[in-house]
Amino acid sequence: MPGILERLEAAGGEQVVPLARALLEGDLYVLEASDALVIGRSTGGDGFALEDPLDGTALGEYTKADLKKLRVNNRVRVQLRGMLARLTLLAKDPAVRERAVRNMLERPDADSVQLLRDAVVNESNAGVAELQWLVIALYDIEHSEDPSVRLQALGHLDGRVEPEVRNALQALLAEGADTPPQLRRQAQTMLSALESKIAFYEFLETLFFGLSLGSVLLLIATGLAITFGVMGVINMAHGELIMLGAYTTYVVQLLMPDHIGLSILVAIPAAFIVSALVGVLIERGVIRFLHGRPLETLLATFGISLVLQQAVRTIFSPLNRQVSTPDWMSGSLEFNAVFSLTYNRLYVLLFAIAVFVVLQLILKKTPLGLQVRAVSQNRSMARSLGIRTEWVDAMTFGLGSGIAGLAGVALSQLTNVGPNLGQAYIIDSFMVVVFGGVGNLWGTLVGGFTLGVANKFLEPATGAVLAKILVLVFIILFIQKWPRGLFPQKGRAAE
Amino acid sequence: MISLQKVNQLYGGTQILWDLDLEIARGSVTCIMGRNGVGKTTLLKCLMGLLSIASGSLTINGEDFSRRSAESRPRAGIGYVPQGRDIFPLLTVEENLRTALAAGRSPGGVIPEKIYDLFPVLKDMLQRRGGDLSGGQQQQLAIGRALVLQPEVLILDEPNEGIQPNIVKQIGDVITQLNQEEGMTVVLVEQKLGFARRVGREFRLMEKGRVVASGPMTDLSDDLIARHLAV
Amino acid sequence: MSNLYGQFSALHQLREKAPVFVAVLFAITAWASACNLLLPEDSFFHVSTFTITLLGKYLCYALLAMAVDVVWGYCGILSLGHGAFFALGGYAMGMYLMRQIGDRGVYGNPLLPDFMVFLNWEALPWYWQGFDQFWFAMLMVLLVPGLLAFAFGWLAFRSRVAGVYLSIITQALTYALMLAFFRNEMGFGGNNGLTDFKDILGFDLQADGTRVALFVATALVLAAAYCASQLILGSKFGRVILAVRDAEARARFVGYRTETYKVWLFVYSAVLAGIAGALYVPQVGIINPGEFSPLNSIEIVVWVAVGGRGTLYGAVVGALLVNYAKTRFTGIMPEAWLFALGALFVAVTLFLPRGLTGLVMERLPRREKLKEVAA
Amino acid sequence: MSVRGAFGELANRDQLWPFLMPARGARVDVSKQVLLYIEDLSVSFDGFKAINNLNLYINDGELRCLIGANGAGKTTLMDIITGKTHPDTGAVYFGQNIDLLGRSEAEIAELGIGRKFQKPTVFEAQTVYANLELSMRAEKGIMASLGSRLTGEKRDRIDQVLATIGLSDERALAAGALSHGQKQWLEIGMLLIADPRLLLVDEPVAGMTAQETERTAELLTSLAGERTVVVVEHDMEFVRSIARTVTVLHQGSVLAEGTMEQVQNDPKVIEVYLGDEH
Amino acid sequence: ADTIKVGVLHSLSGTMAISETTLKDTVLMMVEEQNKKGGVMGKQLEAVVVDPASNWPLFAEKARELLTQDKVDVIFGCWTSVSRKSVLPVIEELNGLLFYPVQYEGEESSKNVFYTGAAPNQQAIPAVDYLMEDFGVKRWVLAGTDYVYPRTTNKILEAYLKSKGVADEDIMINYTPFGHSDWQSIVADIKKFGSEGKQTAVVSTINGDANVPFYKELGNQGISAEDIPVVAFSVGEEELSGIDTAPLVGHLAAWNYFQSVENDANTAFIKQWKAFIGDDKRVTNDPMEATYIGFNMWVKAVEKAGTTDVDAVEDAMIGMTTPNLTGGVATMGKNHHLSKPVLIGEIQEDGQFLVVSETEDLVPGDAWSDFLPGSKDIIADWTKPVECGNYNTVTKTCSGQNY
Ligand SMILES: Nc1ncnc2c1ncn2[C@@H]1O[C@H](COP(=O)(O)OP(=O)(O)OP(=O)(O)O)[C@@H](O)[C@H]1O
Ligand SMILES: Nc1ncnc2c1ncn2[C@@H]1O[C@H](COP(=O)(O)OP(=O)(O)OP(=O)(O)O)[C@@H](O)[C@H]1O
Ligand SMILES: NC(N)=O
Ligand SMILES: [Mg+2]
Ligand SMILES: [Mg+2]
């Protein structure tokens with residue numbers, strides 16, 4: 001195969017780009033009937049629309065059975081990429097050109113650099129040109145014998161944070177004593193500047209990781225902050241309600257396989273409703289008989305969680321289910337070569353905050369918020385004031401459960417959708433609610449983010465396992481000092 | 001307007017109310033008296049639907065309420081100030097008052113200003129937690145909260161427990177005022193004779209879960225008191 | 001609140017019932033042991049070694065449940081981390097059993113347990129010293145859970161951590177320990193834990209005689225613990241404990257240093273749990289960090305609730321019943337047993353608010369029936 | 001101490017673990033006839049001054065009535081004396097020598113300061129009898145309660161108190177099942193049986209009938225002299241019937257102090273507390 | 001008895017149900033199939049299924065129940081090593097027979113157990129060799145879940161890599177807790193580690209549940225297989241069926257079987273499985289093949305021995321051969337481990353693997369690793385005259401036997 005690719009590149013020039021791309025992306029097929037190479041684009045289900053790999057003419061619709069996929073492995077992929085980079089170096093679209101140059105960053109070879117030297121003089125886009133100079137400079141620093149060329153090349157590295165830059169500088173500094181001192185000095189100052197820059201971005205990155213972990217904690221704990229924090233139900237089935245939300249996402253995707261991007265948006269209300277309904281069912285069926293016996297709710301909801309888990313195992317099988325990530329949630333938002341934020345985490349973070357805000361509004365702006373607190377503080381008095389306690393209980397539990405469902409949607413984008421999903425999160429969610437202070441939503445918010453950030457700043461130093469242990473120990477010690485969490489209920493009655 | 005006939009009530013195995021009969025007339029101020037533990041609070045809780053009655057009937061405004069939920073009482077215009085006040089401790093004073101809006105009897109869903117006129121201290125403390133208030137302040141809050149309902153009948157269980165004298169007097173005045181100016185029916189459990197005599201128009205004496213004597217307040221003789229209230 | 005009013009008289013009844021409990025326990029133990037050892041295997045009345053080990057395991061769980069009931073049922077301390085004390089007791093015993101293997105391990109190293117050999121440990125860590133002595137190991141069975149409980153309780157109760165806050169930090173405690181014991185660096189065999197035990201005090205662990213002896217020992221310990229707990233809780237100490245459960249602040253104003261009471265009760269309970277763990281390990285043949293799992297601890301609480309909280313024998317009955325149900329259900333309905341178990345838990349809460357023993361006790365005559373008021 | 005002596009002491013069942021025993025407080029020094037000193041006391045909650053620069057002295061053996069508007073800080077004052085609330089500034093001394101601040105509730109109770117709460121608080125799940133047993137003056141340490149027996153003497157004492165508070169028939173009833181007034185009595189009983197040096201009684205007659213009020217008055221008066229009693233009440237008849245010295249609190253400080261007569265006619269007191277009727 | 005009882009000891013609930021349920025179904029399928037063929041020695045097989053619920057002590061209890069109450073003749077079961085360790089004393093005490101179908105860390109050979117999954121030398125080492133030779137990998141991240149299998153495998157790999165001249169600073173070892181779900185920092189670290197100019201690869205011994213978030217994070221942080229390939233030992237077709245595979249294409253796994261291997265036996269097996277389970281989308285995987293081989297070998301051994309008696313079957317098993325599903329023949333070694341081909345596959349978009357490398361010969365399973373100092377000198381040989389699972393060839397002693 002490699003030999004063939006080189007010949008293709010030499011012979012075809014830019015014409016083979018679509019073919020190479022299709023091969024790279026796994027869209028290249030052999031039409032069994034004619035043994036012709038074709039590009040196939042799935043039209044949903046088993047159908048494929050075929051086109052000619054060279055001129056793009058449509059060849060009609062075929063089914064999977066008519067086609068044989070051309071499989072490639074990593075080695076071929078690496079080669080294809082290099083080839084595409086070289087072929088598209090002069091493409092019209094600056095973005096394509098930029099991608100092509102970027103591809104050469106890692107290990108520029110003499111041929112490619114020569115291509116670049118030719119291209120850079122005619123490059124109209126400043127950004128692309130800069131990148132091209134960077135590749136050339138990296139090559140020169142590594143290979144040139146002439147100190148002045150190398151010094152000049154160093155100038156092109158200024159202000160860049162690509163890891164290749166750092167490697168080049170380090171390599172230069174690691175050279176023997178015959179490197180001119182001026183060059184060394186220059187490289188040294190650039191390297192320290194670069195490193196402090198990278199350290200800063202690493203700090204930002206860790207912070208984001210922490211906030212992102214915090215947002216997951218917040219999401220899983222928010223529902224519990226209501227059912228447990230406000231209503232006082234020790235809801236061991238909370239994790240399973242999250243799980244139901246995730247499975248709902250899966251089912252929604254099954255129902256609309258061609259609209260993965262949209263399906264997540266549909267799944268949000270769907271998961272809320274499914275989990276909320278199950279929550280209302282649990283409340284009406286079990287919890288309402290346990291008023292004033294909060295500890296017993298632990299036992300009952302533990303039983304319910306077992307049943308829900310096994311039910312999911314029976315219906316969906318014990319295997320994990322596949323939930324796809326829509327395109328708009330994949331990849332990352334790149335600020336520069338060392339700092340980027342992954343989209344899925346970013347959306348989850350925004351989503352968590354949005355859920356929190358909406359919930360606050362519901363609790364603050366509708367009578368429900370006041371009534372549920374009244375009911376939880378003194379049920380019979382609430383009834384004597386005309387509060388429909390049964391309705392309030394059902395709605396509140398439904399709300400908390402629905403939010404658990406929303407957490408499930410988010411988690412389906414981050415982790416396994418399987419019967420054990422809930423168990424994996426139940427402990428953490430209780431931890432966050434208690435750490436923040438039972439009955440205080442702001443506590444849950446601050447608690448979630450604090451634990452997330454603490455965890456992520458510890459992790460690089462201690463490793464993931466120890467970080468987790470340390471956070472737990474921290475919670476234990478924290479509670480000793482603040483026995484009612486971060487935001488305790490105050491006043492005479494709280495004692 | 002409130003009528004109980006042959007009401008029996010049990011806590012588990014112990015019977016507290018025995019074939020109890022009670023009539024409360026519209027516009028009256030009725031004072032229920034009796035020693036500790038005779039079942040006064042229990043009677044009021046049955047009235048409010050907080051305890052279910054084993055047998056007997058309870059009608060309010062001619063409607064049968066003996067099997068209706070507690071929530072239906074405030075909707076029918078019954079306000080309740082329980083013994084021990086039952087303030088929501090973690091809600092602010094304002095929120096405590098707002099809870100009573102749930103019955104939907106306050107026009108526009110706002111707290112009537114007159115409550116602050118009656119109990120100015122509440123206005124000063126609107127943002128304090130109910131549970132932090134002193135006992136007497138809580139009592140005022142409890143009455144205020146019942147009044148947010150705009151009730152036709154106001155039921156008070158020992159409203160003067162722990163209240164400073166000038167406010168006791170004020171509460172008495174409020175009750176009288178509400179009764180006379182708005183025609184509110186008042187049912188009052190009270191141990192202190194002086195207050196009962198001053199505010200009550202009718203009395204009912206209870207003994208061991210039964211009403212054993214009743215009549216207009218003027219008929220409450222020393223003899224009756226000695227017989228039913230002395231220890 | 002529901003089951004509180006009857007408590008006190010129940011306590012008196014229990015004092016009458018202690019001999020009954022012990023007698024029943026001994027009768028079953030003696031009968032099962034005799035039928036296992038004396039009767040031929042094909043006899044209809046033969047009790048298999050399987051049943052004996054099973055019963056032994058259940059009794060360990062019963063002891064553990066009792067330990068939880070002592071703090072939860074009587075003092076209102078809902079510990080969601082009692083599995084930690086159980087597991088620590090178990091590890092102490094496991095370390096002794098491990099050292100007993102000596103050079104009979106697969107690598108034949110006389111000092112290092114197998115898992116240390118193949119992960120290239122050079123020497124025995126200091127905290128493994130002394131565990132070759134039975135007395136030392138037994139001391140640790142009591143001391144390690146006891147000290148942990150003391151340190152934890154002293155911190156928590158002194159700062160007046162209570163209610164769910166306490167429950168959740170006990171959970172954090174066991175969770176942290178689980179993660180720590182999972183770490184191979186800890187030197188406790190990582191997630192595989194300690195296993196492949198050979199003998200205890202020189203007796204072969206796989207011999208029927210040893211099994212029966214362990215089973216009988218467990219029964220004896222359970223009976224002793226029952227009586228001890230009964231005595232403690234029946235004394236004025238017990239009434240102070242109940243007072244702490246119901247109105248801790250009031251108890252302080254009466255002059256009781258409630259935190260001291262709680263700490264010692266907690267330590268007592270942790271030691272019971274540790275003993276249970278130590279008895280458990282030789283009978284099931286393995287101890288691993290899974291025992292620290294928070295869900296395990298929650299399950300213990302569930303046993304107690306099913307049996308009936310606040311009555312020691314209730315905890316015992318609950319542990320036996322739930323575990324028997326688990327054994328049976330996982331065998332006869334492997335795919336659906338969780339439905340059955342889950343439904344059992346829900347049903348017990350809904351229909352038997354005082355647990356199974358509550359149901360039985362309610363049927364007993366001459367009990368005052370005082371029920372809660374809606375207030 | 002000889003080794004044998006030390007061993008003997010250790011072997012003594014009641015003394016087995018000396019370090020587990022609560023240190024019994026030093027004797028109260030009342031050489032100046034004053035039992036309770038409260039000086040420059042202030043406490044605020046979220047910026048609200050509940051006690052404001054309060055000075056108050058209670059003499060040994062006195063029966064003092066404390067009155068004042070709802071929210072004047074009477075209960076808060078008791079909270080501070082009994083160790084429940086920590087003041088921002090000020091000093092509270094029991095006798096000449098014992099600083100109460102910084103001591104735990106239990107320590108203060110052990111010193112002989114007993115309290116009845118405004119809202120009756122009893123051990124609801126336990127019988128009336130057990131409530132009294134628990135409150136009895138005795139060693140409150142762990143070992144002591146493990147080994148504690150109800151001697152005939154103690155039983156007589158409980159019976160006596162039961163009779164005093166009129167709950168002899170309810171002795172086996174769970175305290176939670178008592179009516180409000182009965183709980184009040186039970187709590188008074190718990191106070192009596194603890195045999196304290198200083199009794200702080202917060203609204204003892206709330207919810208009691210006239211006769212019961214009278215009985216309470218008699219009881220409290222009979223206690224004074226040997227013990228010191230501080231009573232908070234709003235029932236003026238009751239106060240009148242027992243009071244020798246009355247202190248009026250207002251907004252966290254002393255507004256007036258004197259005999260009932262003096263206080264009753266103080267225009268400031270009439271304005272903020274009594275109303276014009278009295 | 002008129003039937004031969006086959007015990008099935010796989011978790012159907014709890015954390016391991018996700019993996020083990022499939023194996024339970026596989027055994028049931030094999031039993032059904034065998035019964036259709038007339039059973040074994042003319043007797044029908046009867047499967048006895050129990051649920052040890054991912055609870056390790058419960059595994060021991062259930063094993064005892066199967067052997068003493070149900071009196072099964074053989075047990076197919078266990079997945080995690082800890083469950084096997086828990087069951088082992090019981091099986092040895094009662095002289096039972098266990099077939100263990102999962103790749104594991106080695107360092108064990110029991111008279112009563114046949115290990116039909118891979119030992120480390122049948123998975124890890126060939127995978128590393130492939131990456132080193134064919135892909136030019138110079139830096140290594142050994143990432144694993146913190147438990148004994150990854151620890152041991154990584155110990156072996158570390159020793160192996162160092163013997164190949166890899167420097168200390170070119171090896172990064174990282175452990176995470178079970179079910180770890182927040183991989184942001186670790187993936188970022190890997191990215192940094194891999195951006196220092198040398199071709200880097202990740203050798204993953206990450207356990208089941210933690211894999212999905214791990215791969216998702218890799219994809220999102222833009223690490224493709226061409227940049228930093230990940231070769232996994234615990235990710236097979238079944239795990240992939242729960243993952244959106246698009247971002248994973250090109251990452252690798254090393255197994256002894258892939259569903260995609262084209263071969264008549266395999267095609268038949270896949271068809272039979274899909275029919276049995278009633279789901280056209282269900283996949284097959286390596287532990288299933290191991291179960292298949294184990295089962296067939298056991299049947300053959302019973303027929304050869306003419307009895308289900310454990311000792312006789314054990315003797316008959318050694319040297320027994322049966323076709324595997326990749327076109328070769330599996331042979332049971334004297335150390336109770338199988339000889340297996342080692343396949344390296346790249347993940348494809350459809351969740352299947354494209355085989356990119358395959359060992360020329362079958363690799364015999366090595367119970368005791370040559371790369372661990374403690375076990376270099378130990379061998380297992382269950383034939384006369386050694387008859388020992390851990391025989392020290394230097395001291396000529398046999399240690400740690402329990403039967
Ligand atoms: N939850 C309960 N369980 C059992 N008995 C109860 C309960 N609550 C009250 N009682 C009993 O019912 C009787 C009546 O109580 P209730 O509270 O109605 O008395 P009351 O007349 O209001 O007395 P008070 O003047 O003291 O408030 C009392 O004897 C009391 O012991
Ligand atoms: N923990 C607290 N948090 C906030 N405010 C408090 C707290 N404790 C007391 N207060 C406030 O301090 C003031 C004094 O309360 P206190 O209970 O001492 O009054 P009191 O004199 O006992 O009144 P009453 O006669 O009505 O019982 C009140 O206004 C109360 O709201
Ligand atoms: N053997 C394993 N994968 O635990
Ligand atoms: Mg009452
Ligand atoms: Mg007060």
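First the proteins, then the strands, lettered A, B, ... as listed; each starts at 1.
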Subject >> Under 4.5 Å from a heavy atom of chain B, the part of E271(D) involved >> reply: backbone
Original post:
Non-hydrogen atoms of chain D under 4.5 Å away: do they reach the side chain of L193(B), the backbone, both or neither?
Top reply: neither
**OP:** For H234(D) and P165(B), work out which heavy atoms get closest and say how close.
**Re:** O-CG, 3.7 Å
Original post:
Do side-chain atoms of N70(D) reach the backbone of Q137(B) as a donor and acceptor pair under 3.5 angstrom?
Top reply: no
**OP:** Measure the spacing between CD of E212(D) and CD of Q191(B) and express it to the nearest 0.5 Å.
**Re:** 7.0 Å
Subject >> Donor-acceptor contact below 3.5 Å, side chain Q164(B) vs main chain V272(D) >> reply: yes
**OP:** Side-chain contact test, heavy atoms from C-beta onward, threshold under 4.5 Å: evaluate it for R129(B) versus D46(D) and give yes or no.
**Re:** yes
**OP:** Looking only at non-hydrogen atoms, find the nearest pair between S134(B) and G71(D) and report the distance.
**Re:** OG-N, 2.9 Å
**OP:** Please look at Q140(B) and chain D and tell me whether the side chain, the backbone, both or neither of the residue comes under 4.5 angstrom of a heavy atom of that chain.
**Re:** side chain
Subject >> Shortest non-hydrogen separation from G37(B) to S179(D) and the atoms involved >> reply: N-OG, 3.3 Å
Original post:
When you look at NZ of K208(B), are more than 12 heavy atoms from neighbouring residues, nucleotides or ligands closer to it than 6.0 Å?
Top reply: no
Subject >> Donor-acceptor pair between H180(D) and E158(B) side chains, under 3.5 angstrom >> reply: no
**OP:** Find the distance between CG (N166(B)) and OH (Y273(D)) and round it off to the nearest 0.5 Å.
**Re:** 8.0 Å
Original post:
With a cut-off of 6.0 Å (strictly less than), are more than 12 heavy atoms of other residues, nucleotides or ligands near CD of E261(D)?
Top reply: no
**OP:** Calculate, to the nearest 0.5 Å, the distance between atoms CE and CZ belonging to M125(B) and F48(D) respectively.
**Re:** 4.5 Å
Subject >> Contacting region of D202(D) [heavy-atom separation from chain B under 4.5 Å] >> reply: neither
**OP:** For the residue pair R128(B) and F45(D), establish whether any side-chain heavy-atom pair is separated by less than 4.5 Å.
**Re:** no
Original post:
Between Q118(D) and G135(B), what is the shortest heavy-atom contact and its length?
Top reply: NE2-CA, 3.7 Å
**OP:** Can you establish whether the number of heavy atoms outside E237(D) located under 6.0 Å from its atom CD is more than 12?
**Re:** no
